[in-house]
Amino acid sequence: MGGIAVSMYTVILFAGTSVAPIISVYFMKTGSFTLAFILLATTVLLRSLCL
């Protein structure tokens, strides 16, 4: 069971780090640079905490 949990965690982690830049670019195009920066900073923070 532990291997399945680690695999699912890895998939969710990489899916989140793949989607965040796409959403940030969308926010930058709509003019919300602050929200884009917060989203990217949160992604980097969560990624560094999970390693």
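For reference, positions follow the sequence shown, starting with 1.
Cluster partners of V11 are absent, since no Ile, Leu, Val, Met, Phe, Trp or Tyr has side-chain heavy atoms less than 4.5 Å from it. Other members of the cluster containing I38 do not exist, because no ILVMFWY side chain is joined to it at under 4.5 Å.
In this view, S18 satisfies the side-chain contact (heavy atoms from CB on, under 4.5 Å) rule with no residue, not counting sequence neighbours. For F14, the side-chain contact (heavy atoms from CB on, under 4.5 Å) partners at least two apart in sequence or on another chain are T10, T17, R47.
In the hydrophobic clustering of this structure, V19 groups with Y26; members are Ile, Leu, Val, Met, Phe, Trp, Tyr whose side-chain heavy atoms approach within less than 4.5 Å, directly or through other members. Taking hydrophobic clusters as Ile, Leu, Val, Met, Phe, Trp and Tyr residues chained together by side-chain heavy-atom distances below 4.5 Å, L35 shares a cluster with I23.
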